[in-house]
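Taking it in order: structure first as structure tokens, then the write-up.
Worth knowing before you read on, the calculation uses all heavy atoms, side chains too, and leaves out hydrogens, waters and symmetry mates. Counting from 1, the numbers follow the sequence of the chain as shown.
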Amino acid sequence: MLPSLLLIELMENKRYGVEYQPIINMNDQEIYAFECLARFYDKKRNLVPPDFVFGSLHKSPLSLFQVEYEQKKLQLLNAPDHKKIFINLDQDSFYACGIEGENNPFIGLLSSYATNDIIVELIENSEVNDARMSLAMIDSLSRNKIQTAIDDVFNPQSLISTAVIQLVDFKKLDRYVVTRKQDEDFLRLVKSIIDYAHLAGKKIVLEGIENKDDLLFAEQLNADYVQGYLYRDRFITIVN
């Protein structure tokens with residue numbers, strides 16, 4: 001959690017930034033898309049961990065909405081041209097303004113953006129109510145022809161909603177999968193999700209790729225796309 005004065009100062013001066021991390025096509029090792037990641041800075045331009053910022057903001061839903069909305073505008077404004085972009089959108093942020101359905105401000109913002117194809121990336125669920133919000137959010141986005149992804153699949157601290165897994169267009173496997181590459185029993189479960197995704201016409205993104213061995217592992221799993229620090233030379237950082 002952040003000290004209140006630091007959080008207020010950060011918000012008042014909009015010390016926001018965005019990092020675009022490439023998502024790589026396994027077929028040709030070319031950039032398929034960029035994931036837009038929120039970045040925050042103190043007045044000395046030191047990086048403030050996003051988890052601390054959003055964790056603190058969850059105590060104030062309207063502030064959470066305000067910061068998330070400003071972040072999304074920044075991410076869309078500076079996105080690399082002619083590439084798909086994955087945008088993280090917390091379910092709590094989406095509903096924090098109290099407006100549901102077609103009139104939700106995020107729907108309007110995302111629908112008005114025509115430069116790139118957008119995939120909205122939902123966080124994995126930590127409780128039952130998260131899954132309910134995820135399903136409603138996916139429905140709203142789908143009716144506006146916006147694709148969705150689910151993040152953190154197989155993260156040990158997340159829960160899996162089978163309904164969410166079924167509905168989203170992309171499943172992003174947490175970097176934890178790479179750390180368990182020698183666990184054959186665990187990999188049977190991972191491969192079952194990948195097989196289901198491909199049979200259903202969905203795509204798999206494997207995160208946490210840091211070296212050539214990880215890349216070979218992704219190929220063995222039959223992942224469609226990969227993401228990680230192996231491709232750090234292609235990261236793009238924008239400071240507001």
Side-chain angles (χ1 to χ4, degrees), residues 21 23 33 35-38 50-51 53-69 71-72 75-76 84-111 113 117-177 189-190 192-194 196-207 224-225 227:
Q21 293 191 4
I23 295 173
E35 179 178 1
C36 311
L37 296 174
D51 289 350
V53 176
F54 285 116
S56 300
L57 287 170
H58 271 77
K59 294 181 178 180
S60 174
L62 288 180
S63 294
L64 174 65
F65 166 77
Q66 179 184 0
V67 172
E68 187 82 274
Y69 191 81
Q71 271 285 349
K72 295 301 155 255
Q75 291 168 12
L76 293 173
K84 296 179 184 294
I85 53 174
F86 282 64
I87 286 189
N88 294 276
L89 186 52
D90 187 329
Q91 295 90 314
D92 290 329
S93 302
F94 186 81
Y95 288 108
C97 64
I99 303 173
E100 300 185 13
E102 306 299 309
N103 295 321
N104 185 286
F106 286 109
I107 294 289
L109 178 63
L110 297 171
S111 297
Y113 187 75
D117 291 335
I118 296 174
I119 298 97
V120 172
E121 192 170 319
L122 293 77
I123 62 171
E124 189 43 293
N125 308 296
S126 58
E127 56 185 51
V128 173
N129 194 47
D130 288 341
R132 294 193 184 103
M133 288 193 294
S134 294
L135 292 170
M137 186 170 157
I138 291 168
D139 181 63
S140 293
L141 293 166
S142 177
R143 281 190 274 110
N144 285 274
K145 301 184 180 352
I146 299 172
Q147 290 187 300
T148 51
I150 186 68
D151 196 17
D152 296 334
V153 178
F154 292 114
N155 182 306
Q157 296 181 344
S158 296
L159 303 178
I160 292 181
S161 164
T162 54
V164 171
I165 289 289
Q166 182 180 3
L167 290 175
V168 295
D169 302 287
F170 295 82
K171 295 95 171 64
K172 297 193 72 180
L173 308 188
D174 189 78
R175 65 185 68 242
Y176 179 74
V177 173
L189 178 59
V190 173
S192 70
I193 291 291
I194 295 173
Y196 160 73
H198 290 157
L199 285 171
K202 316 288 188 176
K203 299 297 184 181
I204 294 291
V205 182
L206 179 61
E207 299 180 310
D224 301 289
Y225 309 104
Q227 182 177 356

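Residues V168 and K202 approach most closely at O-CD, 3.2 Å, considering heavy atoms. C36 and Q75 get closest at one heavy-atom pair: CB-OE1, 3.6 Å. Of all heavy-atom pairs between C97 and P105, the closest is SG-CD, 3.6 Å. Contact record, I146 with S111: CD1-OG, 4.1 Å, taken as the closest heavy-atom pair. Shortest non-hydrogen contact noted between V153 and I150 is CG2-CG2, 3.7 Å. Annotation for F170 and Y225: closest pair CE2-CE1, 4.1 Å, computed over non-hydrogen atoms.
Judged purely by distance below 3.5 Å, without hydrogens or angles, the side chains of Q227 and K172 pair a donor atom with an acceptor atom.
From L37, atom CG reaches atom CD of E121 across 8.0 Å, with rounding to the nearest 0.5 Å. Residue L62 holds its CG atom at 14.5 Å from OH of Y69, rounded to the nearest 0.5 Å. If you take CG on L189 and CD1 on I194, they are separated by 10.0 Å, rounding to the nearest 0.5 Å. Atom CG of L76 and atom CG of L109 lie 5.0 Å apart (nearest 0.5 Å). Here the NZ-CG distance, from K145 to D117, works out to 13.5 Å after rounding to the nearest 0.5 Å. Atom OG in S140 sits 11.0 Å away from atom CG in L135 (nearest 0.5 Å).
Counting heavy atoms from C-beta outward, V164 and L122 have side chains that stay 4.5 Å or more apart. With contacts defined as side-chain heavy-atom distances shorter than 4.5 Å, the pair L167/T148 does not qualify. Inter-residue side-chain proximity for S134 and S161 is flagged as unmet; no heavy-atom pair is nearer than 4.5 Å. I107 is listed as a side-chain neighbour of F94, based on a closest heavy-atom distance under 4.5 Å. With a 4.5 Å cut-off on side-chain heavy atoms, M133 and D92 count as touching. Between I123 and N88 the shortest side-chain heavy-atom distance does not fall below 4.5 Å.
A cation-pi arrangement is absent between K171 and Y196 under the rule of less than 6.0 angstrom and at most 45 degrees off the ring axis.
In this structure a side-chain-to-backbone donor-acceptor pair under 3.5 Å is missing from S142 to D139. Checked by atom type and distance alone, the side chain of N104 pairs as donor or acceptor with a backbone atom of I99 at under 3.5 Å. Using modelled atom types, no side-chain atom of E35 and backbone atom of I23 make a donor-acceptor pair closer than 3.5 Å. Distance alone, capped at 3.5 Å, places no donor-acceptor pair between the S158 side chain and the F154 backbone. Of the possible donor and acceptor atoms, none in the side chain of S93 sits under 3.5 Å from a partner among the backbone N and O of L89.
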Next on the checklist: Assess the residue pair Y113 and I118 against the criterion (side-chain contact (heavy atoms from CB on, under 4.5 Å)); give the C-alpha distance rounded to whole Å, side-chain angles, the decisive distance to 0.1 Å, and a yes or no.
Outcome noted: CA-CA 9 Å; Y113 187 75; I118 296 174; 3.6 Å; yes

Item to check | Residue pair N144, L110: steps toward the side-chain contact (heavy atoms from CB on, under 4.5 Å) verdict | outcome: CA-CA 9 Å; N144 285 274; L110 297 171; over 6 Å; no

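With sequence neighbours excluded, the residues forming a side chain to side chain contact (heavy atoms under 4.5 Å, CB included) with D224 are H198, K203, I204, listed by chain and number.
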